Amino acid sequence: MNTRTQRRAHKSLEFLKRAWLLPASLVFLCSCQNSEAPTPLEKQVSELQTEALQSDLAFSLLHALTTEVGPRMAGTDGDRRAVEWARSIMTSLGFDQVWLEPVTFPKWRRGSETAFLVTGYRLPLAVTALGGSTGTDGVMRAEIELFDDLQALSNADSQQVQGKIVFINDRMSMGEKGRGYSQVVGGRTDGPYVAAEKGALALVIRSVGTDNNRLAHTGSIALPQGRVAVPSAAISNPDADLLESVINSGKPVELELQLDCGIDGAATSYNVIGEVTGNDPESGYFVMGAHLDSWDLGMGAVDDGAGVAITMAAAKLIADLPERARRGLRVILYANEEQGIYGGREYARAHSHEMDAHIAGAESDFGSGRVYALASTVSEEAQAAIEELAGLLAPLGISYDPEMQAYGGADIGQLGLLGMPMIDLRQDASLYFDIHHTANDTLDKVNLDDLNQNVAAWVTLAWFMANTDQAFGPP
Ligand code: ZN
Ligand code: ZN
């Protein structure tokens, strides 16, 4: 952390301690480009945006989550601390109701993990087990078989891989939109099962990430659903480059792999839910969310501490307004997204009978990169309202293309499956996959101005959804 960040962090902590004691300091800055006087609606949104852009609240929350709570992998002590922290902070911030809903899942444990390239010399590799993986039961040493991607492994003859360690060498591409992720992540989620079907001993993948650091990216394998998987790990991009060239040189090469990890019974964590109630209980609520759990290797500042801080800070700005809006805002901090979307799936199961009250939802789970676009999956009748919302977001540099559909995100997507309309605030992901699921996911990677631009976008969205009469579904 540099000196400027440290000063900010210190200031932020002081701010956090007194945040809920202060009245909202509203500074009016008109965002209208024309000479017409702003409507009351435009004026209030502009005030909220200005306050969001100048606030230290989101950064303070993120600082507290990463330094006081720390890593919070599902089922660990850190996870329990995070739940308590979120409950107490939501109450302090002025949410009208705060409650917990239990979520139970298999408890995955990570112990020691090592990998060595053995080819005349013996080189330690930067390796990390994939979430949900079984262990190797001691040291495993075997020949390596390289595949360019999951499809190539699926097409392979069993004889080619039997008794070997499979290496999927699929490289993720860079890009603002982060689309490269979905193109390669199948190797991580399904590769362990395909490798087992073919008779391999273990699977090693090139990290699903865009950096060239010698750090491995973890991430979970798919849920078992009756299938058997081999022990699975990721190695860093530079190590994957090395392994690829040694294999391609034709020299004999083996991998020595030791993973101590596995499922250890069940654990219960909680979806932490806070609501800023509306003044018309019949009109439902807008759902905002992020996931509270993180991986264990880093601090989970970017994934998904940023989303937790952004959505909590935006809701607090609404809670501070002198009057309650028509509709409520429900902020859901989901349990255990990382190992199988357990919190999102449990919330959808428990609330499926009251989906009419969930007027629409959105999720912040793409770090702290600036929001560049609005997308929606709503009814035809709601398009005009979305265009109105787009006009309010435009001063923040956010574009809108009516043809672009909302993805929703992993957790909120479970409610999308039940027919809830969805909104996306798409974020710049150019740097996100450099640090995603690595030890490098720390607070210094978060830019305050970008974080606050997110809060400004979210407070605009939340305010608009809470105040409009428009219905958004069925999409
Ligand atoms: Zn995430
Ligand atoms: Zn993640």
Side-chain angles (χ1 to χ4, degrees), residues 62 65-66 69-76 78-79 82 86 103 105 108 110 128-133 172 177-182 184-189 205 207-211 215-223 234 269 271-272 288-312 331-345 347 361-369 371 407-414 424-429 431-443 445-446 451 454 458:
L62 187 51
L65 180 60
T66 50
V69 175
R72 44 202 182 277
M73 187 166 80
T76 63
D79 185 17
V103 179
F105 45 84
W108 186 73
R110 184 198 302 279
T128 192
L130 300 180
S133 173
M172 183 184 165
K177 301 186 170 76
R179 287 199 187 116
Y181 188 70
S182 58
V184 304
V185 76
R188 189 190 81 202
T189 55
I205 62 166
S207 278
V208 181
T210 47
D211 61 305
L215 290 174
H217 297 237
T218 191
S220 65
I221 68 173
L223 300 178
S269 185
N271 287 332
V272 183
M288 306 159 64
H291 64 85
L292 188 56
D293 70 309
S294 75
W295 283 109
D296 50 341
L297 303 178
M299 302 304 279
V302 167
D303 183 15
D304 186 20
V308 169
I310 289 163
T311 51
M312 280 171 106
V331 177
I332 309 172
L333 303 181
Y334 298 93
N336 198 355
E337 183 271 349
E338 293 291 8
Q339 296 175 28
I341 321 176
Y342 286 95
R345 290 189 295 137
Y347 182 90
E363 180 169 340
S364 176
D365 186 15
F366 232 48
S368 57
V371 178
Y407 303 132
D411 294 297
I412 213 92
Q414 305 306 307
D424 279 357
L425 292 174
R426 297 266 173 89
Q427 291 174 259
D428 182 345
L431 301 174
Y432 184 65
F433 289 104
D434 280 1
I435 54 175
H436 183 247
H437 295 182
T438 71
N440 246 342
D441 184 352
T442 49
L443 185 62
K445 309 304 183 304
V446 174
L451 187 72
N454 274 268
W458 274 87

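The structure displayed is predicted, hence computed values, not measured ones. Read the numbers this way: they start at 1 and go in the same order the structure lists the ligands and their atoms.
- Taken from OG1 in T76 to CG in D296, the straight-line distance is 8.0 Å, to the nearest 0.5 Å.
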Take L297 and R110 through the test side-chain contact (heavy atoms from CB on, under 4.5 Å) and record every step on the way to the result. CA-CA 10 Å; L297 303 178; R110 184 198 302 279; 3.9 Å; yes
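- Protein N/O/S atoms nearer than 2.8 Å to the Zn ion (ligand 2) total 4.
- Under the side-chain hydrogen bond (donor to acceptor under 3.5 Å, both in side chains) rule, H437 has a single partner from T128, T218, D303, which is D303.
- The minimum heavy-atom distance between M312 and A86, with the atom names listed, is CE-O, 4.1 Å.
- Relative to the six-membered ring of Y334, R345 misses at least one condition, a distance below 6.0 Å or an angle of at most 45° to the axis.
- Using cut-offs of 30° and 60° for the angle between ring planes, the H436 and F433 rings count as perpendicular.
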